[in-house]
Each structure stands twice: as structure tokens, then as C-alpha cells.
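Okay, so here's the structure we're looking at.
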Amino acid sequence: MKLRKAISIIISKFTIFTLHLLRRGGTTLPGKIALKIYPGILESIAKDFEIIMVTGTNGKTTTTRIIEEILKNNNINYITNKSGANLLSGITTLFIQAVSPGGKPRHKVALIESDEAAFNQVTKHITPKAVVVTNFFRDQLDRYGELYSTLNAVKSGLEHTAENTALILNADDSMCASLGEGTSKPVFYYGISCEAYQGNSENVNSDAMFCIFCKSKYEYSNHIYGHLGSFYCTGCGYKRPAADLECTEIQEAGSSFTTVKWTCTSSLLQEKKEFVTRINLPGLYNVYNAMAAAALGLTLKYSADTISEALQSFESGFGRMESINVGDKTVKLILVKNPTGFNQVLSFLALDKQPLNISFIINDNLADGTDISWLWDVDFEQLNSVADNIDRLVTSGIRGEDMAVRLKYSGLDTSKIKIIKDYNMLIDEGLKGTRSGGCYYILPTYTAMLEIRGILKKKFNLKEFWK
Ligand SMILES: [Zn+2]
């Protein structure tokens, strides 16, 4: 076994090296080969790492990146996977890269983002110290039944974990919170309190309308968004659990940040304590991501101060959104400059309920970065979850063709993808293709943004359009 393990590691490392020489960023092949040679390889090398896993429908990547920031603030030596590389083979590649040829770990912590389906598979091989579950939402194409099978996949994935694996769960999501019912594992809940935000409880748009235990219809004493909120069941008494850590006040909600007051109870800290933090991200959904990451940090005994700092310094890369109104339509300009920020923007767009009309303008000048291979690290695949909602995707800029190729590889409907190199034509067609009252999104790299701003300014005779 020892020999097979060694051979498996060495051949896999050699494959990684070769792919690298060929400038192919393959993340799955080396792991696939390693597992083929020695199916126990992942289990065998991962046991020496302290493993944190993040799963759920929305917010995985952001939550993972905030946790990464917490680890950095605590000088922890860690490895983490890129969103997209979350299948068994990709994760195996990650671990193999992080051990010496003899199988010794070079890092202390492994931070793994995993989609819900892969989670069940991956936990058969690795044992996390803590698991964060963000939420369960129905993808546009899913049926209701599939939402429950996603929940069940995570549930059975958790059964493979250790007795002391800590679960960090969203209290406001009836599906997610149900994972903490009847388990003997340590459970910590996070959420947004009624005092912080009152949504319209009349109008609960629900993916999870009926009690998971008794099928009665949930009532809500407070509603945040989607099916998230203070739910309770009059049938069996199942209700939102008390949160160990929650946002208790939203002091300011900016277009690129949110200032919140958050509290944690003695289950996480020695004594109940309150913090005010300016989270470097906009939107309620990011408050959940921040609270999830904070709860994980406290569960692993990192200091509350380093956690609060991480929430403030977290570099989202989510450029400031600039908008102008043209007739009854809005043009929104969002700078894209790295995979993390780009992913943020894409998850933001995926939440938009309007039909999506997006132009990607990619340059490779010095100020943009001359190597555009980073586009392959951006999770454009997440747009598949809103595929029905996409009207059209146009690519442009010096590397417009490469961008179109990247979109095609993400599996999106190619008939909706078009290249328009002329900026004037791009804007005209973009606006024409936007429904009245709708938004036209332009996602440029840095120098492309300067060019497009100039053209918009001239075209619509604007003095200063961005605010
Ligand atoms: Zn019930």
C-alpha cells in the first residue's frame, strides 16, 4: 500500500508538472490518475490536515474567501481550492500539490469549497473539523424535489464526518437549520435577527414552503429574503433555532459595503459580546456570508478581533458599480480585474431577477494584466443556474475572442454569445437589446473601462455620470 501511495503521489505530481509546462491549468487529471493508482490516496494524505469545508447553494465562494482572510490574519499556513475545482479529482490534485513526494503535509489547514453534490462524495475520503453550510436555494432549473435531494446529499455527506465535526448552519434557512436537528455533533447557528432587518412577511417567496418534518405550512414572524427568516411550524413546533452569532443591526448599507452590529453568545465566546464591523461587501446575502465565516472562525477559536478585521479588510474585488440612465434603461458598469472579484459580480448578477444582458470587455494592456489566462479561473459556469434568464452575452475588447471562447466552454447557449468589437455598436446594440425598465451590464477590465466611460460620456453628453 505504501508503495502504491508513493507511486500515486509521484506520478500525479509529474502530471501536474507536465500540464504546467504545457501551460494547461488542468486541475482534475492529476487527481484522477492518483485515485486510479491508489483509491485510498486522498484519505491517506488528507488525514494530516485540519480541514474546513464550505457547502450550500449560494455564497460558498465568498464565504470561503472571507475564511481565507481570517486564516491569513492568523498567520495560518493553508491550502484552498478554486471554485469550480470542487469535484473529488480536483480536490485530490489540491492535496497532492500540498504534500511532499513522501506524503508529508506542507500546510496546516485545508479550506475546501464543495458544491452540494460533490460534498457527499468528498466526505467519504476526508474528515472535516468543521463544515459551514450557507443555504439551500432552488436553482432556476431545479424542481422542488431536487432541492430536497440536494439537502439529503449534504445530510448523508455529514453522516460520513466525525462525531466531533462542528456544523456551522444558517438559522434562518429552515432547510439548512434542519441539519442540526437530532445530531450529536456540535452545532453553531448564525443568522440575521428580527431587529436587524424586517422584510415583508406577507410575501414569502418560498422554495421551502412546507415544514421539512411534518409538511405543515411555515409561518414567518420575520422575513429576510427568499425563504430565509424567522420561520416556525404550527404543526410540530420546529422553528428557527436561536443563533449563536447574528447580525443585530444594519447600520449602513452602501453600494460596496455594509456596516453591521453583530453579537455572539457564550457558546462561541467566553461571554456574550457585541461588535460593529464595516463588511467590505454590499447586500444582505453577503451579511450572511460574513456571519457564516465569523461563526466558523470563532468555532475554531480564532480571536474575534482578527475575524472582525478580516471582514473589514476582505478584498472583494467587487468594483464600484457605476450607473447612468439612458431613457428608461440603466447602464451599469462594473470593473472586473481578478477571478475573486469577477465571481462576486457574477453571483450578484445571478441574483438579478430581470433578464440579463451583459457585455464583457476584456483588454490585455499592461494595466489590465497581459496574461488573460485568469479568465479560466473565473466561475462563469455559475451563470448556467440562471441560463433561462440570460438574454444575451456580448464580448469585446482586445481579447474579446478569448472571452467568447471562455463563455462557450462554460456550457452556456452559444446562440446567445456574440462578439462585437466596435464599442459604439456594442453600446447601441446593448441598449436596444435591453427591455424597457431593465439594466444593461457592462463588465470591463481596467483600460476597457476607461475607454467605455469616455464613449458613454460623449455619446450621451454627460458631464459626470458616475457617482
Ligand atoms: Zn412541522
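It should be emphasised that the depicted structure is a prediction, and the values quoted were computed from it without experimental measurement. Order of appearance sets the numbers: ligands from 1, and atoms from 1 within every ligand.
The side chain to side chain contact (heavy atoms under 4.5 Å, CB included) test applied to Y409 returns W376, V405, R406, not counting sequence neighbours.
Contact check for L88 versus L35: side-chain heavy atoms found under the 4.5 Å cut-off.
Around the Zn ion (ligand 1), the protein atoms of type N, O or S that sit closer than 2.8 Å are C211 SG, C214 SG, C233 SG, C236 SG.
A donor-acceptor contact under 3.5 angstrom links the side chains of S359 and Y440, judged on distance only.
Under 4.0 Å is where a charged nitrogen must lie from a carboxylate oxygen, and between E113 and K60 no such pair does. A salt bridge links D391 with R435: the distance from a Lys NZ or Arg NE/NH1/NH2 to an Asp or Glu carboxylate oxygen falls below 4.0 Å. Ionic pairing of R240 and E219 is not present here: no N-O contact between side-chain nitrogen and carboxylate oxygen is shorter than 4.0 angstrom.
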